[in-house]
Amino acid sequence: MAQGKIKTRVVGVDIGLERTTTAVVDIRGNILGKDDFPTSDYPNISDFASVLCDNIITLVQAHGGYETIRAVGISVPSGNYRTGCVVNSPNMPWKGVVPMAAMLRDRIGLAVSLGNNAHVRALGEQTYGAAHGLKDFILITLGTGMGSCLVSNGVPHLGQDGFAGEIGHCCAVPGGRQCGCGKKGCLEMYTSKKGIVMTAQELLADSDAPSLMREVDTLTLSYMIDCCEKGDEMAIEVFNRTGKTLGLALANYASVFNPEAFVFTGSVMCAGEWLLKPTEETFQEHVFRNIAGRVKFLSSELEKEEMDLLGASALAWEVEEYSLFK
Ligand SMILES: [Zn+2]
């Protein structure tokens, strides 16, 4: 009988707009070593794949060698788990359909799986974070854009083509703000970072009322939160409006899927209660009454820098083993 050594490590990769981070992660979610390089230096996908592979090879050799690695998991915007492709990303430099998982598998000889940020984070939270032990929950990411992943009976619901969960592109305001996806009035144009700043700019333009937000040339989310802390009524109103829009959308989402919890991740969550309080108030007002008061609002407890790496490593455990290195 062939003696197989159990492989107890995976490689997690987080491809962000600016940086790509790689890590060797063990079975308990300990990050044994990591490295990173600038994503934006490689607008050519073939160059990017080569640099990423070199990076993974060096990292793996420094942490136990190829024989210990079971698979590679990747978190990438617009990543499609079913096909292993990055599909029409509005923000990444590579256009069209990029077969990233296949490109990497061919180069490094290991199984490679990829998913979008929301899918990967849902797995990370389920394995290591706030959703541990939950079977039915909805992970929400709020940052540059807005995404979600519905986990039903312990399994992410990906849909026929792998594009399920695109709540950011559900219509919140018919004929509203132009979205990067080509449609108008998408939810993320009101709830993402840029959406919240646009709401502030509209409020400022619509009145002469005093506001600390008038004192800077470029509004940022963190500055607006400072304004809230100082009692700036208009800044508080920006988050109240955002929370109303978000709370209504989440109420509809929960009424359809009856989750135990929403788990919130992403840079917009630094707004904390300024955003979550009006969101939850509107949510309770609109959600189906048998569900009202039953859905928990949880924030991710994973370190921001590790969240996507841990999620990607959780994804790596899901892929069927394939390795040229026995
Ligand atoms: Zn859209």
Side-chain angles (χ1 to χ4, degrees), residues 15-18 39 75-83 85-98 100 114-122 138-151 156-203 219-221 224 238-239 241-257 259 262-269 271 275 278-279 282-283 286 308:
I15 302 177
L17 300 184
E18 282 157 24
T39 311
S75 167
V76 56
S78 307
N80 185 309
Y81 173 75
R82 291 208 192 283
T83 60
C85 295
V86 178
V87 185
N88 298 327
S89 172
N91 300 317
M92 302 307 285
W94 321 301
K95 300 302 166 205
V97 179
V98 176
M100 188 174 283
L114 62 77
N116 69 35
N117 307 62
H119 173 202
V120 168
R121 283 184 182 180
I138 295 168
L139 181 126
I140 301 285
T141 65
L142 274 171
T144 310
M146 179 181 186
S148 81
C149 180
L150 165 75
V151 174
H157 176 85
L158 301 176
Q160 169 171 249
D161 300 307
F163 295 117
E166 287 289 1
I167 187 179
H169 300 287
C170 290
C171 188
V173 180
R177 296 173 189 165
Q178 180 68 49
C179 180
C181 77
K183 304 280 184 186
K184 282 186 173 175
C186 290
L187 185 60
E188 77 170 31
M189 293 312 295
Y190 299 84
T191 57
S192 66
K193 251 190 210 172
K194 62 176 178 270
I196 295 172
V197 169
M198 285 169 93
T199 300
Q201 287 163 339
E202 280 180 12
L203 276 176
L219 269 177
T220 62
L221 199 60
M224 289 163 64
V238 171
F239 288 101
R241 287 196 186 188
T242 307
K244 278 185 182 159
T245 306
L246 181 60
L248 176 59
L250 297 184
N252 290 337
Y253 207 158
S255 297
V256 175
F257 289 109
F262 283 102
V263 179
F264 295 95
T265 71
S267 53
V268 168
M269 298 320 296
L275 175 62
T279 300
T282 305
F283 176 84
H286 291 282
D308 293 296

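Every number for a ligand or one of its atoms is a count from 1 in the order of the listing.
- In this structure, Lys184 and Gly176 approach most closely via the heavy-atom pair CB-O, 3.4 Å.
- Looking at Arg121 and Thr265, their side chains do bring a donor and an acceptor atom within 3.5 Å of each other.
- Tally of protein N, O or S atoms closer to the Zn ion (ligand 1) than 2.8 Å: 4.
- Partners of Phe163 under the ring-ring contact (aromatic ring centres under 6.0 Å, His included) rule, at least two apart in sequence or in another chain, do not exist in this structure.
- Between Asn116 and Ser78, the shortest heavy-atom distance links the atoms CB-N, 4.2 Å.
- Checked for salt-bridge contact, Arg241 and Glu202 miss the test: no charged N lies under 4.0 Å from a carboxylate O.
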Check step by step if side chain to side chain contact (heavy atoms under 4.5 Å, CB included) holds for Ile140 and Leu250.
-> CA-CA 10 Å; Ile140 301 285; Leu250 297 184; 3.8 Å; yes
